[in-house]
Each structure stands twice: as structure tokens, then as C-alpha cells.
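Just follow the structure's listing: the first ligand is 1, and inside any ligand the first atom is 1. Starting from 1, each residue takes its place in the sequence as its number.
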Amino acid sequence: DLEALEQAFQQRIDGGEKIEPQDWMPEAYRRTLQRQMAQHAHSEYVGMLPEGAWITRAPSLSRKCILLAKVQDEAGHAQYLYSALESLGLSREQAYGQLLAGEAKYLNIFNYPALSWADVGMIGWLTDGAAIVNQVPLSRCSYGPYARAMVRICQEESFHHRQGFDLVRRLAEGTPAQRRMAQDALNRWWWPTVMVFGPPDEDSVHSQRSMRWGVKLYSNDTLRQKFVDQTVPQVLHLGLTVPDPDLRFNPDTGHYEIGRIDWDEFNRVIRGQGLCNRERIASRRRSWDEGAWVREAAACHAVKLAAGPQG
Ligand code: FAQ
């Protein structure tokens with residue numbers, strides 16, 4: 001019966017076994033993964049936009065090549081994740097439909113504009129830095145296809161993170177105007193990045209169940225703290241200032257303590273009222289519509305191939 005199946009399933013998870021697409025799984029486990037993995041895939045896909053806007057304006061050929069490769073990697077990450085989602089019975093059309101209808105979320109951070117070249121560095125250094133902290137544990141999560149997709153994704157994010165830091169360091173070591181540009185970008189990206197890890201643990205509706213199922217291995221606040229502890233010393237090393245007057249190092253705990261996070265802003269942004277939400281979805285809708293002929297041609301080609309040489 002169902003209860004016995006669920007117990008056996010939980011035992012497999014507790015024993016560290018991976019769940020594979022053909023295995024039995026509770027419907028709620030499937031739906032939780034569909035929601036989180038779709039949100040993750042959409043984040044990679046929408047995440048191409050803020051930096052993508054700077055490809056034509058990169059200040060040198062080498063920076064342009066790096067940025068092109070990074071944005072292309074993000075498209076690749078979205079591809080793996082949309083494919084992994086198919087293994088849970090959610091097709092690309094369905095996942096995409098949910099994004100365009102505003103039913104599926106993507107990370108808050110991608111609704112902020114990249115106003116200057118320094119913002120490109122901040123996205124790599126801070127956003128990819130946050131993504132690594134969140135995703136390294138996901139490479140040990142209970143669902144096999146999701147965990148395996150994370151391995152390569154994390155390796156690529158690690159390159160993204162370093163190129164972001166390198167870009168910001170060049171500005172921080174540059175002219176006074178370049179330093180100001182870096183500080184201004186840090187002031188705008190710091191708090192939205194700290195929010196990336198999601199609501200505080202007491203308001204995180206999904207955490208408890210997701211952690212029992214091994215879909216999440218650490219709580220939102222635990223990962224946020226890890227990011228702060230590893231990033232603040234980097235900010236100080238660059239001679240920049242964290243835009244948080246309440247930030248302090250607690251020698252007793254060995255952790256940095258941050259000021260109050262503006263959760264009203266976070267909630268507004270994830271409900272569609274951030275600075276760029278409309279623009280982001282409009283841009284993705286345009287790509288979907290303009291790509292219709294490619295999908296039709298690919299489907300037609302697949303039918304011909306399946307029919308064999310005479311077909
Ligand atoms: N933004 O109960 P919880 C990248 C929602 S790509 C928007 O704590 P959960 C690479 C949450 O969905 C990104 N919404 O939820 C790159 C839920 O709403 P729902 C890679 C958020 O799922 C870099 C509600 O709040 N990583 O970075 C956010 O247990 C640079 C309640 O929250 C991922 O996508 C948020 N920040 O924990 C690309 C992470 N936080 O669904 C380009 C994968 C929470 O009920 C440039 N996802 N919400 O309507 C996760 O790890 C989890 O889903 C969390 C949230 C930790 C985000």
C-alpha cells in the first residue's frame with residue numbers, strides 16, 4: 001500500500017541512495033522537484049539577459065570572449081536542467097508555458113538591471129558565488145539527474161565566479177572613477193544577492209519537507225551565512241565597503257552578522273514587481289515566438305529521420 005511504499009522510499013533516501021526517473025516516488029516529491037528544478041532552469045535561462053546586454057559593449061576583445069562563453073554556459077545549464085525536468089514528466093513546452101504565464105518563479109536577482117560594466121563583474125563574483133554555495137550541496141541531492149547535472153554546472157560556475165572577481169579587482173585597482181564604479185555596483189548588488197538564498201528559515205514553507213527528502217541539504221539561512229562569511233573578506237581584500245552599516249564580525253561565533261534584510265523588497269520582486277520583471281518575461285516570450293520555426297523544422301527533420309532513407 002501507499003504508506004509502505006512511502007516508508008520504503010524514505011528509507012532509500014535516508015540510506016543515501018539516489019532516486020532515478022524510473023523509480024517509484026511520492027507525487028509530492030515529484031512536484032517539489034518539478035517546482036525547484038523548473039525555477040532553477042528558468043533562473044539560468046533568464047539569467048543570461050542582464051549580462052547578455054553587455055556583450056556588444058565589453059571593453060576589450062578578451063573580455064568579450066569571456067562574457068560570450070559565460071552567457072553561453074548559462075544557456076547550457078538551462079538545457080541540462082530542462083532535460084532533467086523531462087525525466088520527471090514535465091515537458092519543455094509545459095515548463096516554458098509556466099514561465100511565460102508567470103506561474104513559475106526564477107531567482108529574484110535577475111530582475112535587477114546591469115547598469116554599468118562593473119555590474120557584469122558583480123553578477124559573476126556575487127551571483128555566481130551565491131549559486132556555487134547553493135549548488136555544491138545540490139550535487140549530493142537525492143534525485144539522480146538533478147545531482148549529476150550539478151557537477152558540471154558547478155565547475156563552470158566556478159570559472160564564472162573567478163572571472164567576475166578578476167573583473168571587479170581590475171576596477172578596484174584602477175582609477176578613482178573605476179573604483180567608484182565598482183563600489184556603486186556593489187552597493188546595488190549586495191542585498192539582492194544576500195536575498196538569493198530565499199526567505200529566512202522560519203518563513204521557508206518548503207524547507208522542512210525538502211530537507212527530509214534530501215532535495216535540499218542545508219537551510220536557506222545556513223547557506224546565506226556561508227556566503228556572507230566567504231564573501232565579506234573578499235570585499236575587504238579589494239578595499240571596497242559592504243553597504244551594511246550593521247555588519248560586524250562576532251569573534252565568539254566566528255561569523256559575520258549582517259543587518260536587517262528588506263524582505264518586503266524581496267517579496268515584491270518575486271511576485272513580479274521588480275525593476276525588470278516585465279522586460280525579462282517579454283524578452284523570453286519574444287525568443288519563444290521567434291524560435292517557433294526552428295522547433296517546427298527540427299520536429300519535421302526528426303520525423304524524416306525516423307522514417308528512414310526512403311521516408
Ligand atoms: N528568488 O520555501 P522556500 C545562477 C520562492 S542560476 C525567487 O524557501 P525552496 C547562475 C520559492 O520558490 C540559479 N523566488 O523555497 C547564473 C517559494 O515560492 P514557490 C541557480 C524565491 O524552494 C549566475 C517561496 O519563495 N540556483 O545563479 C527565491 O525550499 C549569473 C518560498 O521559499 C537556483 O536556481 C529567490 N531567490 O528554497 C546565471 C537555486 N527564494 O515556489 C546567470 C535552486 C525563494 O512556492 C548569471 N533553488 N523563492 O512559488 C533552490 O535551491 C531553492 O528553490 C531556493 C528556495 C533555495 C531558492
Side-chain angles (χ1 to χ4, degrees), residues 31-54 67 69-78 80-81 84-85 98-99 102-112 114 119-139 141 143 146 149-150 153-154 156-161 163-164 189 191-224 226-227 261 263 265-274 277 280:
R31 279 200 308 276
T32 293
L33 276 169
Q34 283 179 342
R35 180 186 58 79
Q36 180 169 323
M37 288 166 63
Q39 179 257 89
H40 199 153
H42 300 326
S43 300
E44 298 280 0
Y45 188 48
V46 175
M48 297 164 72
L49 295 170
E51 292 161 292
W54 279 91
L67 187 55
K70 178 185 191 294
V71 173
Q72 203 167 17
D73 284 351
E74 282 148 11
H77 300 172
Y80 308 149
L81 287 162
L85 259 181
Q98 291 172 358
L99 172 70
E103 291 160 11
K105 292 195 168 67
Y106 55 89
L107 289 192
N108 64 312
I109 193 87
F110 301 119
N111 292 306
Y112 292 83
D119 292 37
V120 171
M122 291 300 155
I123 295 173
W125 173 33
L126 300 180
T127 307
D128 282 284
I132 294 169
V133 169
N134 168 269
Q135 288 170 173
V136 167
L138 287 177
S139 67
C141 80
Y143 188 55
Y146 193 23
M150 283 305 124
I153 290 182
C154 285
E156 292 179 350
E157 308 282 35
S158 151
F159 157 69
H160 297 172
H161 179 238
Q163 70 80 38
W189 288 89
W191 286 109
T193 310
V194 169
M195 294 173 194
V196 156
F197 298 91
D201 291 350
E202 62 271 22
D203 298 331
S204 167
V205 284
H206 302 296
S207 273
Q208 226 179 356
R209 201 160 65 166
S210 290
M211 286 175 77
R212 193 173 72 237
W213 278 332
V215 170
K216 276 168 94 164
L217 299 182
Y218 298 100
S219 79
N220 297 359
D221 286 331
T222 305
L223 294 179
R224 184 173 6 256
K226 190 169 165 40
F227 170 79
I261 298 175
W263 292 113
E265 173 175 330
F266 173 78
N267 286 321
R268 268 197 313 278
V269 171
I270 71 170
R271 289 194 189 120
Q273 279 136 39
N277 298 59
R280 300 293 184 234

Original post:
Should E157 be listed as contacting ligand 1, given a heavy-atom distance under 4.0 Å as the test?
Top reply: yes
**OP:** Would you please determine whether M37 falls within less than 4.0 Å of ligand 1 on a heavy-atom basis?
**Re:** no
Please work out whether any backbone atom (N, CA, C, O) or any side-chain heavy atom from C-beta onward of [X] is under 4.0 Å from ligand 1, and answer side chain, backbone, both or neither.
X    : value
F110 : side chain
I270 : side chain
K70  : side chain
F266 : side chain
A130 : neither

Protein contact to [atom] [nearest heavy atom, distance to 0.1 Å]:
atom                    : value
atom 20 (C) of ligand 1 : Q135 OE1, 3.0 Å
atom 43 (C) of ligand 1 : H40 ND1, 3.5 Å
atom 30 (C) of ligand 1 : D128 OD2, 3.4 Å
atom 37 (O) of ligand 1 : K216 NZ, 2.9 Å
atom 22 (O) of ligand 1 : R35 NH1, 3.1 Å
atom 5 (C) of ligand 1  : K105 CD, 3.9 Å

Original post:
Quick one: do D73 and K70 make a salt bridge, cutoff under 4.0 Å?
Top reply: no
Subject >> Heavy-atom nearest option to atom 31 (C) of ligand 1, drawn from P199, P200, A75, G274 >> reply: P199
Subject >> Option of least heavy-atom distance to atom 1 (N) of ligand 1 (set: L126, N108, D73) >> reply: N108
Original post:
So, do L81 and Y45 sit near enough that their side-chain heavy atoms are less than 4.5 Å apart?
Top reply: no
Which of the numbered atoms in ligand 1 are under 4.0 angstrom from any heavy atom belonging to [X]?
X    : result
S43  : 6 (S), 13 (C), 34 (O)
I123 : 30 (C), 46 (C)
M195 : 36 (N)

Could you pull out all donor-acceptor pairs under 3.5 Å where a side-chain atom in residues 206-213 meets a protein atom, sequence neighbours excluded?
| unit_1 | atom_1 | unit_2 | atom_2 | d |
| --- | --- | --- | --- | --- |
| S207 | OG | S204 | OG | 2.6 |
| S207 | OG | K216 | NZ | 2.9 |
| S210 | OG | H206 | O | 3.2 |

Original post:
Within a distance of under 4.0 Å, is there any protein heavy atom near atom 7 (C) of ligand 1?
Top reply: yes
[X] to ligand 1: N or O pair under 3.5 Å?
X    : result
E74  : no
E44  : no
N134 : yes

Original post:
How would you list, by chain and number, every residue that makes a salt bridge (Lys or Arg N to Asp or Glu O under 4.0 Å) with E44, sequence neighbours excluded?
Top reply: none
Subject >> Nearest-0.5 Å distance that lies between atom CD1 in I153 and atom OH in Y80 >> reply: 6.5 Å
**OP:** May I ask you to decide if the ring planes of Y146 and H40 are parallel, tilted or perpendicular, using 30° and 60° as cut-offs?
**Re:** perpendicular
